[in-house]
There are 2 protein chains.
Amino acid sequence: MQISTKFTIAVHIITCIDYFKDTLPVTSSFLAGSVGVNPVIIRGVMSKLKEAGIIAISQGKSGITLARPLTEITFYDVYKVTDGVNETGLFHMHENPNPNCPVGRNIQMAMVGKLQDIQAVMEQKMQETTIADVAVDIRRKIKQAG
Amino acid sequence: MQISTKFTIAVHIITCIDYFKDTLPVTSSFLAGSVGVNPVIIRGVMSKLKEAGIIAISQGKSGITLARPLTEITFYDVYKVTDGVNETGLFHMHENPNPNCPVGRNIQMAMVGKLQDIQAVMEQKMQETTIADVAVDIRRKIKQAG
DNA sequence: CTTGCCTGTAATTTATCATATTACAGGCGG
DNA sequence: CCGCCTGTAATATGATAAATTACAGGCAAG
């Protein structure tokens, strides 16, 4: 199982807002065209990014703007918002081990800490990566070949 | 989205094989009872663990046995076998970014390496954790309270 | 060598979740 | 005030995980 496309969609959105901010009006339909998904998906992701204080949205003939610089938006910030991180965790434990079996009775307790540790190193790595890193790569690539 | 329960089921299975190896005949039905899932799921997981050289299976009135000590079976070994790791990766990128948009045209290239790095730290942490660590915790807990 | 239990696996069903799509209410700016 | 845009509910579709049934084949005990 995998982390949903909402995460990479959100990264794409944020990168676009930055890239086009001085050129075009950035709307959910425009973003939907660039990302290649339905505008409603974009709106849902935008809505969560707004709640998290990552972007600012003004209705009407508007503009979506970044609420803070790209260097201060980490992959983890976006991941936490777009996927339901805290609820269940990255791992999905089987839910009905047999309480009459000594192993079944204790397996969850024995595993949960270890799984959390694994998830923690992943999240820490995500905190070290920012959307600015992506934007830099994209601008370099565009200069090279378009 | 999450890593499937097959992973924790496999850890449970391996722990059980070790725990009961001198006491009971360990079969897929017995394991299904301890894990709390259908025996067919157990057989499927066992089959993959066999392919990977982690357990040995003998048909007939048999016994499932470990092919190597618990200290040499890492979470990563099990994860790689039970989930389809190499195929798609942990992250699921949106698949149809617009090639006519400079951002859409380059977003995948800009993200893939960063996502792989994140996955890599997670997998390395998994390589540092072995099923023996789980077995130790379980035996300690059983001694304490049953 | 035969019999019974067990594995291997295909086929079908059910449940869940992600994404797509339609529809419409509400808000802001020109 | 009018038109475009966001916010969001409701529904449909598709993919995937897990449950379940069914049965062919193998090994070991006797």
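Throughout, a chain's letter reflects where its sequence line sits, starting with A, and its residues are numbered from 1.
- Tested against B:T8 for a side chain to side chain donor-acceptor pair (under 3.5 Å), the candidates A:Q108, A:H94, A:E95 yield a single pass: A:H94.
- Listed by chain and residue number, A:F30 satisfy the ring-ring contact (aromatic ring centres under 6.0 Å, His included) test with A:F20 (two or more places apart in sequence, or in another chain).
- With hydrophobic clusters built from ILVMFWY side chains whose heavy atoms lie under 4.5 angstrom apart, A:V136 does not share a cluster with A:Y19.
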Short heteroatom pairs, N/O only, protein and nucleotides 11-14 of chain D, under 3.5 Å:
none

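- Remark: A:S47 is in phosphate contact with D:dT8, judged by side-chain N or O atoms under 4.0 Å from OP1 or OP2.
- Every residue two or more places apart in sequence or in another chain was checked for a side chain to side chain contact (heavy atoms under 4.5 Å, CB included) with B:S47, and none qualifies.
- In this structure, A:F7 atom CZ and C:dA18 atom P are separated by 16 Å, rounded to whole Å.
- Here the C1' atom of nucleotide D:dA19 and the NE2 atom of A:H94 are 16 Å apart, to the nearest Å.
- For the pair A:I55 CD1 and D:dG7 C1', the computed distance is 13 Å after rounding to whole Å.
- Between the CD1 atom of B:I42 and the C1' atom of D:dA18 there is a distance of 12 Å, given to the nearest Å.
- Sorted by first and then second residue, the salt bridge (Lys or Arg N to Asp or Glu O under 4.0 Å) pairs involving residues 21-33 of chain B (not counting sequence neighbours) are B:D18-B:K21.
- Between the CG atom of A:L49 and the P atom of D:dT6 there is a distance of 13 Å, rounded to whole Å.
- Going from atom CE of A:M93 over to atom C1' of D:dA17 covers 18 Å, rounded to whole Å.
- For B:K114, the salt bridge (charged side-chain N to carboxylate O under 4.0 Å, His left out) partners are A:D137, not counting sequence neighbours.
- At C:dC28, none of the side-chain N or O atoms of A:S58 fall inside 4.0 Å of OP1 or OP2 (strictly under the cut-off).
- Atom-to-atom, NE2 of B:H12 to P of D:dA18 comes out at 15 Å; the value is rounded to the nearest Å.
- At the phosphate of D:dC5, neither OP1 nor OP2 sits under 4.0 Å from any side-chain N or O atom of A:S28.
- Remark: B:F7 engages A:F91, B:F75 in a ring-ring contact (aromatic ring centres under 6.0 Å, His included) (not counting sequence neighbours).
- Among residues at least two apart or in separate chains, there is no salt bridge (Lys or Arg N to Asp or Glu O under 4.0 Å) pair with a member in residues 30-51 of chain A.
- Proximity note for A:M46 (side chain, C-beta onward) versus C:dT7, C:dC28, D:dG7: the nearest is D:dG7.
- Using a 4.0 Å heavy-atom distance criterion, B:K50 is classed as a sugar-phosphate-only contact.
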Protein-nucleic acid N or O pairs under 3.5 Å, nucleotides 19-23 of chain C:
{"residue": "C:dT19", "atom": "OP1", "partner": "A:T5", "partner atom": "N", "Å": "3.0"}
{"residue": "C:dT19", "atom": "OP1", "partner": "A:T5", "partner atom": "OG1", "Å": "2.1"}

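- One atom, CG of A:L31, and another, P of D:dG7, lie 12 Å apart when rounded to the nearest Å.
- With sequence neighbours excluded, no residue forms a side-chain hydrogen bond (donor to acceptor under 3.5 Å, both in side chains) with A:D133.
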